[in-house]
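In what follows, a structure is listed as structure tokens, so that the remarks can point back to it.
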Amino acid sequence: MTHHLHSQSSGESPVVKSHLDLSDSNMHMMVSKPEQWVKPMAIAGANQYTFHLEATENPGALIKDIRENGMKVGLAIKPGTSVEYLAPWANQIDMALVMTVEPGFGGQKFMEDMMPKVHWLRTQFPSLDIEVDGGVGPDTVHKCAEAGANMIVSGSAIMRSEDPRSVINLLRNVCSEAAQKRSLDR
Ligand SMILES: O=C(CO)[C@H](O)[C@H](O)COP(=O)(O)O
């Protein structure tokens, strides 16, 4: 969901209709006031609420509120945010999301220079779920998986493919093989 965190609004309505069924969804809230959407997302059935560290002055209170509303917690950082700002919260969250494009829209170029953030997080927090989002596809997923990401968001690479299923399988396999290798190396 996108609302004011970036300059190119995708135009989503700020109203989450009560009939919206978000069961088992991980909501990546690219919004400027993530506090105000916790309850509506919980009511709609979201399973995980991911907010941007840059969008709140009190991450601790927001994490607590998300948990009290029965959801798992994801914490995202934009490309310009240093990973050290996320570190103090890492033991309180379920997933760290490293953006590999500026939040806003699909089809942007993957920022490989975000990989040291992923690698650092994986080294410091071996069992944390780490997700990357932006420009991830068959050409870039290896870099993400080798750096330590075990979850990826992929839009254009799948949607533009003539064989989306094989792209999805490839992305999934690359991530799970890298995770398996890491656990054997430990
Ligand atoms: O939401 C995004 C940016 O705000 C994502 O980057 C996007 O949805 C994923 O698409 P793509 O794989 O085309 O980068």
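Just follow the structure's listing: the first ligand is 1, and inside any ligand the first atom is 1.
Contact record, His28 with Ala76: NE2-CB, 4.1 Å, taken as the closest heavy-atom pair. Annotation for Leu171 and Gly137: closest pair CD2-C, 3.6 Å, computed over non-hydrogen atoms.
Short contacts between ligand 1 and Ser154, defined as distances under 4.0 Å to a heavy atom of the residue, involve ligand atoms 12 (O). Below 4.0 Å from some heavy atom of Met30 lie the following atoms of ligand 1, by number and element: 1 (O), 4 (O). The atoms of ligand 1 that sit less than 4.0 Å from any heavy atom of Gly107 are 11 (P), 13 (O), 14 (O). Those atoms of ligand 1 with a heavy atom of Gly104 less than 4.0 angstrom away are 3 (C), 4 (O). Listed by number with element, the atoms of ligand 1 under 4.0 angstrom from any heavy atom of Gly135 are 11 (P), 12 (O), 14 (O). Close approach of ligand 1 to Ser156 (heavy-atom distance below 4.0 Å) involves ligand atoms 11 (P), 12 (O), 13 (O). Of all atoms in ligand 1, listed by their number and element, those nearer than 4.0 Å to a heavy atom of Pro103 are 4 (O). Close contacts of ligand 1 with Gly134, meaning ligand atoms under 4.0 Å from a residue heavy atom, involve 6 (O), 14 (O).
Not one N or O of Gln108 is nearer than 3.5 Å to an N or O of ligand 1, by distance alone. At least one N or O atom of Gly155, backbone or side chain, sits closer than 3.5 Å to an N or O atom of ligand 1.
Residue contacts with ligand 1 leave out Ala157, since none of its heavy atoms falls under 4.0 Å from the ligand. Ligand 1 has no atom lying under 4.0 Å from any heavy atom of Met159.
Side chains of Asp129 and Asn150 form a contact here, defined as non-hydrogen atoms less than 4.5 Å apart. Contact of the Phe110 side chain with the Val101 side chain is not registered, since no non-hydrogen atoms from C-beta on lie closer than 4.5 Å.
Of the possible polar contacts, one joining the Gln108 side chain to the Glu102 backbone as a donor-acceptor pair under 3.5 Å is found.
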- Item | Test log, rule side-chain contact (heavy atoms from CB on, under 4.5 Å), inputs Val83 and Met114 | CA-CA 10 Å; Val83 72; Met114 297 298 117; over 6 Å; no
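Among residues two or more places apart in sequence or in another chain, the side chain to side chain contact (heavy atoms under 4.5 Å, CB included) test is passed with Asn26 by Gln48, Thr50, Met95, Glu131.
Side chain to side chain, Asn69 and Lys39 meet the donor-acceptor criterion of an N or O pair below 3.5 Å.
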